[in-house]
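Notes follow the structure.
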Amino acid sequence: MRRLLHRMRAAPVWAASRERVAAGGRGVRRAAGPVLSTVSGFGWGVLAATIVALVAGVVLGWRELLVVGAVLLAALLIAVGFAIGRSAYAVSLDLALTRVVVGERAVGRVAVANTASRSMAPARIELPVGASFASFALPRLAPGAEHDELFGIPTHRRSVITVGPVRSVRGDPLGLLRRVVRWTDPVDLYVHPKTISLGGSSSGFLRDLEGIESRVLSENDVSFHALREYVPGDDRRYIHWKTSARTGTLMVRQFEETRRSHLAVALSTSTADYADPEEFELAVSVCGSLGVQALREERELTVLTQTSTLRTQTGRLLLDDLSGVETAERRGTVTSLAQSTGSAVPGASVAFLLFGGPVSARQLQAASVHIPLGVRVIAVSAQPGAALSLRHIGDVTLLTVGELSEFPLALRRANSG
């Protein structure tokens, strides 16, 4: 019993001691973390070699190892002199444009000013650009002095490029110590796909203000269909009095439900649906051209892939999302894409299916089954270098497009057909 009471009394003491030790350890890690992070991998290797050389030299009595250890130790001490000291910079990162089209020139500027009351030693400035980074030397800056660097960004392919953050790096020439300070936040550069205007008669969209007629009957619309006998509950405003007087039976007007133009664009992102990346880039450009034209004409628009629905509030947001769209394995087939399109946009007036050359006519026919009746389906097969063609597979209009510049003509043919 006494031992049990002793243990119970000692437990809170041990718990408090462990908590103090843990808190002390966290404090040491916080204090030592910034210092230890300045040592590069090469620096840690040199430090280990220094310790081994000095210990082995003392134990074995080899003067050569002592000399090697002393030289390495001197190198480490000299490296500390390069890394110590505070940096007082005002750094700004500016991009001339945050949105460009593939192939357009994208440039930026990094400005570094010395805000200290003393001169700042030379340093190196690093600027991550996507998966790579740019680096340039920052000279000694007098108090209040500023240094500018202009840089260009390759935009040969569609992408979202993260530029920054700007980092200043101080360290020794051997790279033993590396002190990095972050000065700015990263900035996204959107490289939009190429698009083409589909204005005028080339757009191929449904333009009548009253919408297109459907086979769904309605009691209140603008497309008159027929007369039928009155039944209790019908709106008396639609009674056709002349016919009722002539037949002696109350007759009411019946209408066909109409639809406003709602464009659905389904872009396949499955690697299996494209023979090469060029086919996918052409399909993305077609998608962007359709979407921008629909938004310019203030039409309802839905753009989706196998995994996501793109933003369509503005043309800029749509192109921003298209900048980051990539193909991937196992993202479903054209059939599953058509199925999700039919479920997400059952009231669409026109549905575009965009894919590449590997999609066969049989696959396309199987996909069209999932699009609701009354929705016009236009399939676009993007095949760079192929001749422009139009064919009908069941109720589907299939356009083969070899160049983006041919797409307006292809739409005119589809619209006239």
Side-chain angles (χ1 to χ4, degrees), residues 87-116 120 122-170 180-199 277-278 280-296 303 310-326 403-405:
S87 299
Y89 296 126
V91 183
S92 62
L93 171 62
D94 297 317
L95 298 182
L97 296 171
T98 56
R99 291 170 173 84
V100 296
V101 179
V102 172
E104 287 186 351
R105 181 175 174 82
V107 295
R109 169 179 172 267
V110 174
V112 183
N114 181 7
T115 60
M120 300 298 296
R124 189 169 74 256
I125 297 296
E126 290 184 352
L127 177 66
V129 180
S132 60
F133 71 92
S135 176
F136 57 88
L138 182 66
R140 178 179 293 274
L141 293 179
E146 183 174 319
H147 180 78
D148 290 352
E149 284 286 342
L150 298 178
F151 60 92
I153 303 174
T155 60
H156 56 273
R157 69 180 301 272
R158 174 187 53 82
S159 61
V160 180
I161 303 174
T162 300
V163 182
V166 178
R167 305 180 302 220
S168 65
V169 181
R170 296 182 61 181
V180 180
V181 181
R182 170 175 167 164
W183 295 101
T184 68
D185 293 326
V187 179
D188 287 333
L189 172 66
Y190 294 92
V191 183
H192 288 171
K194 292 182 179 180
T195 58
I196 191 170
S197 174
L198 303 177
E278 286 71 23
F280 181 64
E281 293 303 317
L282 179 55
V284 172
S285 293
V286 169
C287 180
S289 302
L290 286 168
V292 170
Q293 184 65 34
L295 293 172
R296 187 176 294 137
V303 180
L310 279 58
R311 294 175 295 176
T312 56
Q313 292 86 347
T314 64
R316 173 179 291 187
L317 291 177
L318 172 61
L319 294 177
D320 284 352
D321 285 355
L322 285 175
S323 297
V325 169
E326 298 291 346
E403 295 182 10
L404 182 62
S405 59

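Throughout, numbering of the chain's residues begins at 1 and tracks the sequence.
- Here the straight-line distance linking atom CG of L127 with atom OG1 of T184 works out to 7.5 Å at 0.5 Å rounding.
- Using a distance-only test at 3.5 Å, with no hydrogens or angles considered, no donor-acceptor pair links the side chain of R296 to the main chain of S197.
- Within the 4.5 Å cutoff, side-chain heavy atoms of L310 are placed close to those of V325.
- The closest side-chain heavy-atom distance from V91 to I125 is not below 4.5 Å.
- A distance of 12.0 Å separates CD1 in I161 from OG1 in T98, rounded to the nearest 0.5 Å.
- No side-chain donor-acceptor contact under 3.5 Å links R311 to the backbone of D321.
- Side-chain contact check for R167 versus P128: some heavy-atom pair is nearer than 4.5 Å.
- Looking only at side-chain heavy atoms (C-beta outward), L319 and R99 stay at 4.5 Å or farther from each other.
- Between L404 and K194 the shortest side-chain heavy-atom distance falls below 4.5 Å.
- In this structure, T115 and Y89 approach most closely via the heavy-atom pair OG1-N, 4.0 Å.
- In this structure, the side chains of T314 and L295 stay at 4.5 Å or more apart for every pair of heavy atoms.
- The heavy-atom pair separating F136 from H147 by the smallest distance is CE1-CD2, 4.5 Å.
- Of the possible donor and acceptor atoms, one in the side chain of T155 sits under 3.5 Å from a partner among the backbone N and O of E104.
- If you take CD1 on I153 and NE2 on H156, they are separated by 12.5 Å, rounding to the nearest 0.5 Å.
- Note that the SG atom of C287 and the CG atom of L318 stand 6.0 Å from one another [nearest 0.5 Å].
- Inter-residue side-chain proximity for V160 and Y190 is flagged as met; some heavy-atom pair is nearer than 4.5 Å.
- Contact detail for L93 and G164: the closest heavy-atom pair is CD2-CA, 4.2 Å.
- In R316, the CZ atom is not crowded: 12 or fewer heavy atoms of neighbouring residues, nucleotides or ligands sit closer than 6.0 Å.
- For the pair N114 (side chain) and A142 (backbone), a donor-acceptor distance under 3.5 Å is present.
- The backbone N or O of V191 sits less than 3.5 Å from a side-chain atom of S323, completing a donor-acceptor pair.
- Between S168 and L138, the closest side-chain pair of non-hydrogen atoms is not below 4.5 Å.
- No more than 12 heavy atoms of other residues, nucleotides or ligands lie within 6.0 Å of CZ in R105, so this atom counts as exposed by the packing criterion.
- Nearest heavy atoms, R109 versus F151: N-CE2, 3.4 Å.
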